[in-house]
Structure formats: C-alpha cells, structure tokens
Amino acid sequence: MAIKPLGVLIVEDEIPLRQELRIFPWEACGAEWIGEASNGSEAMQLCAERTPDVVITDITMPVMDGIALIRELRKRHPNVQIILLTCHSDFHYVQEALRLGALEYILKVSLEEEELKQAMDKARAAVVKERMVQEHARREQRQLQAALFGKLLHGQEPVGSDWQLMTLSVDLPIRLVRLMLDIPPLAYLAVKETVQQRLTEQEKRDPSWLTWLTVREREYFVLLEGRTPPNAVLESLRTVVQHLTELLNREETKQERWATAYALFSKPVTSKEGVASALAYSNEWKDALFYDRCPEESTVYTQHSLPLSDLTEKKTKELNEMLRKASLSPASLKECLLGEFREWCIAERVKPNQLKERVLHWQVDWHRQQDGAVLSAARMGLLMDAGTLAEMIANIVQDMEAAELGKTRSRFEIRLAVQWIKDHLKEPISLPVIAEQVGLSPHYISRLFREETGSTVNQYITRLRMEKAIELLRHSNKKVYEVAEEVGIPSYRYFTVTFRNWTGVSPTDYKRNG
C-alpha cells in the first residue's frame with residue numbers, strides 16, 4: 001500500500017537535540033519534518049494545525065511532560081504513532097508511556113541514525129496497518145450508506161436501524177449533492193477507480209464533506225455539512241466537478257464525444273424525512289435536465305426544475321402520427337427529428353423514460369420496415385442511456401443514416417449472410433456454412449465480408465452475440481449460463497471470458513449492476 005511521506009513532529013526541550021533531529025535525513029525514511037515544539041502544550045497546538053503521522057517526544061519537559069502529552073494525543077489524535085526519546089533514569093516513565101500506547105523508545109545517549117530509521121520503519125508499518133483497517137471500515141460504512149440510499153431511491157421506507165448502522169446524523173443541517181457523470185459505460189470503467197480516489201481525497205481534506213457513496217453506475221451522492229456558507233460550498237463543488245470532467249476525458253477513455261460531470265445541489269435538510277425528500281426531488285430534477293441541460297456543459301445546478309408531464313394517449317397518437325408522416329423518406333424523417341419532433345418534445349416535456357420507451361418502439365418498427373432489419377442491442381442501449389434530448393435525437397439520426405448507408409453499399413450476398421447469421425445466432429456458425437448459404441467460396445465471402453462490414457466474420461458474430469447477451473442480461477431474468485446458450489456459446493467458461501473481454505466486466509457483475 002503506497003502512502004505519502006510520514007509527517008514527523010519533534011517535541012524536545014533541549015535545543016541542540018532539536019537541531020540535530022531537524023537535519024536528520026527524513027527523506028531516506030520516507031518521511032518529512034513538519035515542525036517542532038519545546039513542550040507538550042505547544043505540541044498539541046501543532047498537532048491540531050498540521051496533523052502529524054509520527055510524534056517523537058521527550059518525556060521530561062516543562063509545562064506539559066511526555067506522559068501527559070501521550071494521554072492527550074490518545075484522546076484527540078489516536079492514530080498518531082509515538083516514539084519516545086528517553087534517558088536511563090526515565091525507564092519507569094517509559095513503561096507507563098508504552099502502556100498508554102507509545103510505539104517505541106530510543107535512548108538519547110545512544111541515539112544513532114540507524115536506530116532512528118528502524119523506529120521510523122516500525123512507525124510506517126503501524127501507519128500502513130492502521131490506514132488499511134480504517135479503509136476497510138470506511139468501505140463497509142459506505143456500503144451501509146449506499147444500501148440506505150438504495151431503499152430511498154426505490155421508494156422503500158428505511159427502518160431506524162438503517163440510519164443507525166450508517167451512522168448518519170441529521171441533528172445538524174446537511175445538504176445532498178447528486179453527482180452524475182455523462183460518459184459511455186465502457187469508457188467510464190477506465191477511470192472509475194480514479195474518480196473514486198478523487199472523491200475520497202476531497203472527503204479527507206474538506207471538513208464540509210461528510211461522506212460520498214454510490215448506488216448506481218456513473219452516479220454518486222455526497223452529503224455535505226449544511227452550516228457552511230453555500231457560496232463557499234458551491235465554489236468547492238464546482239472545482240470538483242470541473243476536475244472530474246477533466247478525468248473523464250483522459251486519453252485512456254478513448255471516446256469520440258466530450259464527457260462531462262455535473263451535480264445537483266439541495267437546500268439544507270434537518271431530518272430523515274428531509275433527506276428522503278431531497279433525494280426524491282433530485283430524481284425529478286435529474287429527469288428535467290434531460291430537456292434543460294447542454295450535453296457539453298459541466299456545472300452545478302441549484303435552480304428549481306420545470307415540471308414534466310406523462311405521455312398520455314392523446315400525446316402518444318400525436319407522436320406516432322408525426323413520425324409516421326415523416327417516415328416516407330429518409331430526408332423528411334431527419335428533418336422531422338431535428339425540427340418538429342424536437343420542438344414537440346421541448347414543449348410537452350414528457351417524462352424521459354416514457355418518451356424513450358415510445359421512441360424505442362417506433363425505432364424497432366422502422367428498422368423492420370427496412371428490409372426486415374433488426375435494431376441492435378447496442379443501439380437500444382444508446383437510446384435508453386441518452387442523458388439529454390439532443391443526445392437521443394443524435395443517436396436516432398446516426399442510426400438511421402447508418403442503416404441507409406448500409407442498404408446502398410452492401411452487396412446482396414453480404415446482406416444475405418448477415419441476415420442468416422442473425423437468424424441462426426443460437427446455433428454453431430462457421431465460415432464454410434455461411435459460404436454455402438450464399439453460394440460463394442469461404443475465401444471469397446471472407447474477403448467481401450471484411451471489405452463491406454469492416455470486420456471479420458468471427459468478429460461480427462462475436463459482436464452480435466455480445467450485444468444479444470447484454471440485452472438478455474439487462475432485460476430478462478435468465479441465468480448467465482442460460483444467456484450463454486441463448487447466444488450460441490454453450491461453454492460457460494468461454495462465454496464468461498469473451499464477455500469480460502468485450503465489456504470489461506464479468507456477466508455476473510453486469511447483470512448485478514447493469
């Protein structure tokens with residue numbers, strides 16, 4: 001476990017010894033000198049200001065001696081490691097200090113560089129162990145907090161023990177922040193750990209951050225102490241959002257579009273019911289931003305959202321008729337999507353999930369009318385995951401243009417091969433069998449297929465199978481081995497390896513979190 005240099009505070013009333021310790025090669029011990037004090041009282045003030053990892057202290061000092069200092073450190077800074085500097089005559093004090101929790105002691109008269117390095121190695125090991133214990137406890141705590149928020153998000157009523165287990169106190173005002181990352185799922189996997197490290201760092205150094213937790217992929221909740229002036233909190237939060245946006249667009253994400261982070265910022269709440277209400281309101285707010293957010297904008301939202309409406313039978317008929325008339329030609333359909341359809345959506349502000357489901361049904365039907373084509377699971381996912389109206393429309397137009405381009409460019413034999421593969425995806429498929437179906441040699445169909453689709457036959461079959469697997473894992477109750485058989489890969493082990501290579505996660509994890 002890599003940790004930053006240990007901060008060392010020297011507490012010693014003898015000036016020559018302080019000077020000697022000040023010039024000690026701390027860097028060689030993976031440490032740094034952060035200050036010195038001549039007695040325990042001064043040391044406690046410095047501890048409050050600088051939070052050292054290690055305190056090296058004399059025992060016999062004026063004002064507050066080493067024993068009293070150790071007692072105070074154990075009360076106020078229990079994680080600080082303590083190394084004693086002592087004389088032979090102080091040995092009975094050493095026993096008391098070790099009983100109180102000091103880590104090691106060194107005799108002043110025999111103080112050597114190697115001895116101090118060994119004591120620092122022991123301190124480092126203790127710090128690493130303590131941090132690992134704390135991190136484990138913090139992860140467990142975060143899981144309990146996430147479970148509570150999961151209940152609230154699904155409209156369930158948490159019991160009193162849920163609040164007690166997560167140790168969330170609402171005796172003082174708190175603010176809820178809902179932090180969302182607009183980035184494709186696979187690109188997010190490349191930066192997920194870094195994002196969470198950034199949130200953890202902010203939690204450690206910002207006193208107003210009580211906790212952060214996650215319930216859904218690409219989405220985080222932050223609880224802030226509510227008494228801090230809102231302007232100061234907002235400025236800090238905007239900095240975090242901007243930094244996260246930069247993280248999302250690092251080179252390793254390898255994405256075509258600009259990814260953004262944005263956040264919703266609540267008013268202070270002072271009760272459990274207030275937390276639940278703030279969370280419910282953030283759901284409404286998030287849906288409203290489908291219409292109101294600029295896809296490339298990274299910001300913190302604090303305003304009230306405009307209301308949304310249900311997709312009534314009347315509105316459904318209007319929408320169906322609009323798209324039916326526009327579907328007479330690709331040009332008129334594209335013009336409708338970018339014009340009349342967009343304006344209708346902005347005016348009606350239909351709840352996004354209802355709108356997406358209706359548009360998805362239309363898109364599936366439109367594809368069936370295009371020589372019996374099938375809308376891929378990947379395209380379905382893009383539509384349902386769209387964070388804004390503009391993004392949804394862009395995905396539909398891109399899909400429509402790709403379908404039209406495919407119809408004009410592909411040879412009849414390739415279209416026939418593609419359709420045969422789709423119809424027999426559940427069965428064993430080989431290049432010779434495909435060649436026989438379309439009346440060409442295996443070598444020739446292989447070359448044509450790559451030229452017209454940009455991928456080999458095997459790559460294309462794998463893509464279709466993984467897209468179908470994603471659809472089944474997301475929208476059905478089938479077990480993983482059943483999904484594997486359904487997409488033509490009866491070997492559970494081979495299916496798991498292929499799925500992980502394709503998506504970056506195992507089928508089980510995808511089904512659990514997808």
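Quick note: residue numbers are just sequence positions, from 1. Atoms considered below: every heavy atom in the structure, side chains included; atoms not considered: hydrogens, waters and symmetry mates. Please read these numbers as outputs of a predicted model, since none were measured by experiment.
- Under the side-chain hydrogen bond (donor to acceptor under 3.5 Å, both in side chains) rule, R198 has a single partner from Q196, Q202, E201, which is Q202.
- Aromatic pair Y301/F265: centroids not less than 6.0 angstrom apart.
- Scanning both residues, R216 and T214, for their nearest heavy atoms gives O-OG1, 3.0 Å.
- No more than 12 heavy-atom neighbours from other residues, nucleotides or ligands sit within 6.0 angstrom of CZ on R493.
- With a 6.0 Å radius and a threshold of 12 heavy atoms from other residues, nucleotides or ligands, R342 has its CZ atom at or below the threshold.
- Atom CD of E246 sits in a crowded spot, with more than 12 heavy atoms from other residues, nucleotides or ligands closer than 6.0 Å.
- Annotation: F221 is in aromatic contact with F149 [ring centroid separation under 6.0 Å].
- The heavy-atom pair separating C345 from L355 by the smallest distance is SG-CD2, 3.9 Å.
- Side-chain atoms of E225 and T228 form a donor-acceptor pair, as typed in the model, at a separation below 3.5 Å.
- Of the inter-residue distances, the one linking Y460 atom OH with I414 atom CD1 reads 10.5 Å to the nearest 0.5 angstrom.
- When all heavy atoms of D509 and V505 are compared, the closest pair comes out as CB-CB, 4.5 Å.
- Every residue meeting the salt bridge (Lys or Arg N to Asp or Glu O under 4.0 Å) condition with R349, not counting sequence neighbours, appears here in chain and number order: D292.
- When only modelled atom types and interatomic distance are considered, S208 and D206 share a side-chain donor-acceptor pair under 3.5 Å.
- Note that CG of L416 is 8.0 Å distant from CD of Q437, once rounded to the nearest 0.5 Å.
- The minimum heavy-atom distance linking C29 with R124 is given by the pair O-NH2, 3.5 Å.
- Between atom CD of residue E203 and atom CG of residue L223 there is a gap of 10.0 Å, rounded to the nearest 0.5 Å.
- Neither side chain, T498 nor N501, offers a donor N or O lying under 3.5 Å from an acceptor on the other.
- At most 12 heavy atoms of other shown residues, nucleotides or ligands fall within 6.0 angstrom of atom CD in E335.
- Surrounding CD of E193 are at most 12 heavy atoms belonging to other residues, nucleotides or ligands under 6.0 Å away.
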